[in-house]
Number of protein chains: 6
Amino acid sequence: MKNKLSIPKNQLKDIIDLALSEDSGKGDITSELLIPAGQQAKADFTAKADGVLAGIDIVGLIFARVDPAIEFKIHLEDGTQLKSGDIIASVTGNARSILKTERLALNFLQRLSGIATQTKQYIDLVKDLPVIILDTRKTTPGLRLLEKYAVRMGGGQNHRRNLSDGILIKDNHLAALRARGMTLEQIVARAKSRAPKKFKVEVETASLKEVEEAVSAGADIIMFDNMGPSQICRALQKIPAGIKTEASGSITLENVRAIAETGVDYISIGALTHSPKALDISLEFRS
Amino acid sequence: MKNKLSIPKNQLKDIIDLALSEDSGKGDITSELLIPAGQQAKADFTAKADGVLAGIDIVGLIFARVDPAIEFKIHLEDGTQLKSGDIIASVTGNARSILKTERLALNFLQRLSGIATQTKQYIDLVKDLPVIILDTRKTTPGLRLLEKYAVRMGGGQNHRRNLSDGILIKDNHLAALRARGMTLEQIVARAKSRAPKKFKVEVETASLKEVEEAVSAGADIIMFDNMGPSQICRALQKIPAGIKTEASGSITLENVRAIAETGVDYISIGALTHSPKALDISLEFRS
Amino acid sequence: MKNKLSIPKNQLKDIIDLALSEDSGKGDITSELLIPAGQQAKADFTAKADGVLAGIDIVGLIFARVDPAIEFKIHLEDGTQLKSGDIIASVTGNARSILKTERLALNFLQRLSGIATQTKQYIDLVKDLPVIILDTRKTTPGLRLLEKYAVRMGGGQNHRRNLSDGILIKDNHLAALRARGMTLEQIVARAKSRAPKKFKVEVETASLKEVEEAVSAGADIIMFDNMGPSQICRALQKIPAGIKTEASGSITLENVRAIAETGVDYISIGALTHSPKALDISLEFRS
Amino acid sequence: MKNKLSIPKNQLKDIIDLALSEDSGKGDITSELLIPAGQQAKADFTAKADGVLAGIDIVGLIFARVDPAIEFKIHLEDGTQLKSGDIIASVTGNARSILKTERLALNFLQRLSGIATQTKQYIDLVKDLPVIILDTRKTTPGLRLLEKYAVRMGGGQNHRRNLSDGILIKDNHLAALRARGMTLEQIVARAKSRAPKKFKVEVETASLKEVEEAVSAGADIIMFDNMGPSQICRALQKIPAGIKTEASGSITLENVRAIAETGVDYISIGALTHSPKALDISLEFRS
Amino acid sequence: MKNKLSIPKNQLKDIIDLALSEDSGKGDITSELLIPAGQQAKADFTAKADGVLAGIDIVGLIFARVDPAIEFKIHLEDGTQLKSGDIIASVTGNARSILKTERLALNFLQRLSGIATQTKQYIDLVKDLPVIILDTRKTTPGLRLLEKYAVRMGGGQNHRRNLSDGILIKDNHLAALRARGMTLEQIVARAKSRAPKKFKVEVETASLKEVEEAVSAGADIIMFDNMGPSQICRALQKIPAGIKTEASGSITLENVRAIAETGVDYISIGALTHSPKALDISLEFRS
Amino acid sequence: MKNKLSIPKNQLKDIIDLALSEDSGKGDITSELLIPAGQQAKADFTAKADGVLAGIDIVGLIFARVDPAIEFKIHLEDGTQLKSGDIIASVTGNARSILKTERLALNFLQRLSGIATQTKQYIDLVKDLPVIILDTRKTTPGLRLLEKYAVRMGGGQNHRRNLSDGILIKDNHLAALRARGMTLEQIVARAKSRAPKKFKVEVETASLKEVEEAVSAGADIIMFDNMGPSQICRALQKIPAGIKTEASGSITLENVRAIAETGVDYISIGALTHSPKALDISLEFRS
């Protein structure tokens, strides 16, 4: 299913190990001093705010990596709309193991659920319109696949996963080639002629004139960079049916509705991943 | 110098490689189609908003990792208060290399500068008071040392780097031991008696009664978890000179001043790293 | 010159006579009682508020009609931007004649200047955009040519002067023909085929589907009836270059800018003439 | 009945013919091109906003003038408080005739109902006080009798219909006679002595001193020109019982209540007719 | 001079002695324990807020009463508009004497200056109008003459000093006599006929009908009890020149202007003395 | 009972006589002119606003003093929470006697009930906290015992009644002794050593340093003069258990809650008695 997390096992193991290593240092001295080595405990992951859940499977993998004897039971699936107070998952096993894993598990879970929650807020504002909300490549280094998964959990879709995933001619490509005397129209035309058939050619534009050149050159997708609703409105009048359009840059919860109402096909939002707000989730020992 | 980035070279190399790998896939097909392999370019990192710079050295390391022939020139040091429009650094070299590195470099730089900027906002609100602003372990998995470095650039200080870095008895330690019939006072006393001399014992408290027990047991540092200014005010009256105090939980730009005015020694703020807001910085080719 | 008042002399005389007759009744008994028949006077028309002047030539015609011996001197031309306090014109002659004409002269002048002033307010809000502001047929019975002239003085342009002035297929035409089984597309196509070459065919539409039918049928001008900016924005994307567009219905000073920003060619505003606000102008005897 | 429209038949015919002529030009080319000459239609006049109805009888006269074969059926009488959605009247007959008459009928009906509606707003604000709301001679040239009728429909009363209808000594009469060395007191006294018994003498005043002179001279009615509530309050203290008083000038919905509370007998409001706001009423073909 | 304090010496001595006695009890034990009997000191009375000074002469009398050897030097006279920081008076002498007198001196000075200050606020709001602001008999028991003096310092005037000072027929007089079958008109007429010539007869009224009766009966002054501006406005129209009028009851800083604008002669305000706000003035030892 | 009024009979008689004398002058000429000497009347004291009753017993004493034959019946006790409209007490007897006493009775009753009402407003804001609200010596000269009684009726407690009632070392004591080279610590120590055992020593402080000195010297009570909540919060941390604390100066309804939340033991408020607001109570003759 397209909404499932598909991330190479090794890569996930690498990031978990890196995170465990940076959190553990020479060991959890507090627990070692206080908690008997054999003590057992039960604890629950509980939502402390409303939001959308993402990352609970990762949490299971982290516990398994730290202590395979721990029993991890998921009560709510990723993508669930959480109410404050909902119990998401439970963990049973060695108390020292749970304590050692607690912070790391929450760091993943709160971050990914925060991204899903924020994505959902954008989706809710435009859900009666045919627009699609996309993420960008502005992700946390090392966590891209997880963060793009969280965007999907919130109802968004993913833009290019990486640089080999599509042709997107951006401002600096244009600058480099204009320095060689080429027009935007010539640049796009060259990309069209050279690109393998299966690749769509997308080009970033910043003015009505560039939009017209992109249309002439046969661009498959035209991105409007940092244009407001009224400029996008006029740009769309220059673009024949069949060419897809994307708004990007400076999109906020305040203006996403007005931009979507222009009829643009996609809106891509860097803030989904570059400025997330963690969702408050706790892990608490049960007595 | 304490404010310098000290991160093991291998660890930094690992995270850079991981990030480069997840962004490159099978190669940057856009540049390969359009940009001649030998084309040279110059580009500037420019602030698009006011804030505090952090991470520009990392950017240099990333370019060096991708293409050692690239010349990278830093104009402004980490910790600089940026004005929108300031040119931070310049890069000269192979155009394809610059384009391939652009997004990753900005992802690091915008995120770390965002953390430094937000930290500075908290610092500015309490700068006439003797309180110290701390970060927490609520960092992005894999980026902890970098994010804690960004907090320092913004004027904050670092709490425990990892679990071996200090003794902090938190709610779940207390829950595990109370289940065995111990009081908070007994738990702290045990930690004091068992801990090596060089370690301070810090304990999380959630009520005036727990504060009194912590004092009786000889805690070195007492953390107030999710207490408001008036509750902290009363708690401080129970605590003799010589014991340090820390407020934690639900700290915001709106309440940090009132909390600092109680006279608490430290305020630790998870949002510095778990809910950052990227600082807008661009990389633009110069014509 | 297109901005000059061109109204058949007889027609103007008729409306002036009608107005004089309804104001005079059996004579101005106040003046006849008090003012000596031969007394001379001088009086000034003075602006009591800021606005745009329209109708001062009419005022001259009215005085001439009442008493050809009166000397009427115009200081400011129609179309002038008035400041409160500006002296617009002066009149010298028989005091009874001036008193008898005063109210009627002001009724024309205040009303027409009010229309010009309000038109200018709309114009000022969109003056950097290529849109044209039009009036409608929603004029005062008997004063249409004068009111349309006032709109021009305020910077607007005139829509159809009367029913023989162009082909505009409105909702009731459509209703009457749909009752006979015709589609909007068929109706417009019939108008196009039957109309003399020199006439453009304009059609009123209320949905995107009707817009598409109008385009298919070859309409020359498409009117959007009571559509908001975002609906207009989408409609414009369906319309090829060469077809003119007009927004109409529920236009206010609050929304005219957003509608103009969609790129529509014309905006027609009934309120210019159906809901004017008189401009405060006085006629005061000079001592 | 005093509230009925009494307007000489010829005069009404004249204004209808003038308006028909200015709207028809050389004929309704749209209808002639599209609508079969013999097609029948039914249509309803429907309120699109709340307000007070005025002018529906005129509408009947207009249809009768254009096409005596049209059947016109009135459902709601003039003076009715309309709710948006109310069906006011229905018309059945030749479709071309209805289309040709539509705009003119609505121009009368919306304008007169707008005047009645606005008058009612003033009335509602003072209805518990014994004050009477009056119109002025600031009417549309040619439409005075109709507009004064609309004021009555809204609950107002009519001031002088024309210059022979009463003696009102205004600022310019005073100016003309002061130039001859007369005082306000002498001017009013002269009017009193010369006027036929049946005429009341009203005089406009602008200061407490003028009020006192008017009282001394025996004025029957004293008008306060552009005075605020506190100045009117003091003026009324100078005026013995038996003399009527009238406030005039700069009356708005915001200040009419405070002015009425002073105990003044009449308030005359030019804006009722010089700055109306059309009431939204539609004519729609029934399918 | 009318604005000077005229209060019988004995009466002033009595109130000072009473106040000294209630403050001293068996002696100032704090000073006796700590301050050497012969220690000298200097201290300044200083304004800590803006306001109007009243009572500084009383302060001199109090010091003289406690210790005739104390030197008291006045720098600013009663009635002075104080700015925060102004030094009002200085005192030099035995430290114990000054300390013992401090509180009592300030209690008089702050209270009387508070009354003067508040009176001035009312005066300032109506100073361009010919109205006179009066106090009432709603004073502190024992302090009436001092408080009425403070009202004069703030710019007010004094109403009746006591019950023998004028004839004021209030609601309860009316109630007692109406119970015997008399009308207001009869009651006032009786007072007029019986009262010595030098006394004006004032009567309290609560409706327009009572106002008319009071006029008929020949009242010299008519008080409007708890009437708003519009009711007063109408009442004044019933009252011929020569009768004075007074508004009383529920007067505040918010409505005093509107009431004064009606043209009433006097406004009496109980709050001047029944709800004062002390002016902040300190007495501080100079080092 | 501690809440009862205990004031020496002679003292109360003195203040009543003084007040009667200043209100009567040479007699109540209005009543003497109009009201038959033998007329009887009944009247009720009625609350005209919500508040707390204080002083009704005094009212009884005043009537008894003026006319022992008057029957005075109390319906509601001091300390009752009044609703507007409540009948508090009734009086029956000679009409002239009642009229003569009316104003004085209300002056006492409105003032004392005003103080009780305002005290209750402070109490209500902190009633869930263990703080005690106190009055001060800032009372009306001559009325101290009555005003302190009213504070008790509102739920407050009384601070020192007079200078012999406790040891309170204030700013001027400190200034006088510092001028002799003593520190605050030495001054307090001297007071402690010299004071009789039964007296607590209270000292006013204005800085954290003075607080520390007061603690060292063994003060029993420490007053914080004009400190805000955050400064008090820090001061309380310097003060060991067993020493009482009091906040004083600039306390308002707006800040009393924040000050009480610091955990201070007492809050003393001068405004309770130096800036009262009379409670509206009437005396009305019954028909």
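When reading the values below, keep in mind they use all heavy atoms of this one structure, side chains included, and skip hydrogens, waters and symmetry mates. Naming: A, B, ... by sequence-line order, numbering from 1 per chain.
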Partner chain B: residue of A:R178, A:R111, A:Q110, A:E102 with the largest heavy-atom pair count (under 4.5 Å): A:R111
Nearest-0.5 Å distance that lies between atom CD in B:Q39 and atom CZ in A:R180: 4.5 Å
Top of A:D280, A:T139, A:D14, A:T136 for chain B proximity - count of heavy-atom pairs under 4.5 angstrom: A:T139
Heavy-atom pair of closest approach, residues B:R190 and A:L34: NH1-O, 3.8 Å
Residues of residues 163-176 of chain A near chain B, each having a heavy atom less than 4.5 Å away: A:L163, A:S164, A:G166, A:I167, A:L168, A:I169, A:N172, A:H173, A:A175, A:A176
Chain B contact via A:R194 - which portion, at a heavy-atom distance below 4.5 Å: both
Proximity breakdown for A:T273 and chain B, heavy-atom pairs closer than 4.5 Å: backbone
A:R160 portion near chain B, given a 4.5 angstrom heavy-atom threshold: side chain
Option in A:A195, A:G27, A:A19 with maximal non-hydrogen atom pairs under 4.5 Å from chain B: A:G27
Leading residue by heavy atom contact count with chain A [cutoff under 4.5 Å; candidates B:H274, B:K138, B:K26]: B:K138
Residues forming a ring pair (Phe, Tyr, Trp, His ring centres under 6.0 Å) with A:F199, sequence neighbours excluded: none
A:D225: side chain to side chain donor-acceptor pair (under 3.5 Å) partners, not counting sequence neighbours: none
Least distance between heavy atoms, B:P36 atom then A:L177 atom: CD-CD2, 4.3 Å
Heavy-atom side-chain contact between A:N107 and B:R144 under 4.5 Å: yes
Chain B contacts, top residue of A:A271, A:A179, A:A191 (heavy-atom pairs, under 4.5 Å): A:A191
Chain B contact via A:A41 - which portion, at a heavy-atom distance below 4.5 Å: neither
pair A:P141-B:L18: side-chain heavy atoms closer than 4.5 Å: no
Non-hydrogen atoms of A:S275 and B:A278 that approach each other most closely: OG-N, 2.8 Å
Chain A contacts, top residue of B:D23, B:T140, B:D28 (heavy-atom pairs, under 4.5 Å): B:D23
Proximity breakdown for A:Q40 and chain B, heavy-atom pairs closer than 4.5 Å: neither
Winner by heavy-atom pair count (cut-off under 4.5 Å) against chain B, out of A:N162, A:L143, A:L104, A:L20: A:N162
B:E22 side chain near A:L145 side chain, heavy-atom distance below 4.5 Å: no
Review item, side-chain donor-acceptor pairs of residues 93-101 of chain B, under 3.5 Å, at least two apart:
residue, atom, partner, partner atom, Å
B:N94, OD1, B:R96, N, 3.0
B:N94, OD1, B:S97, N, 3.0
B:N94, OD1, B:S97, OG, 3.4
B:N94, ND2, B:A37, O, 2.7
B:R96, NE, B:I35, O, 2.8
B:R96, NH2, B:E32, O, 3.2
B:R96, NH2, B:I35, O, 2.9
B:S97, OG, B:D67, OD2, 2.7
B:T101, OG1, B:S97, O, 2.6

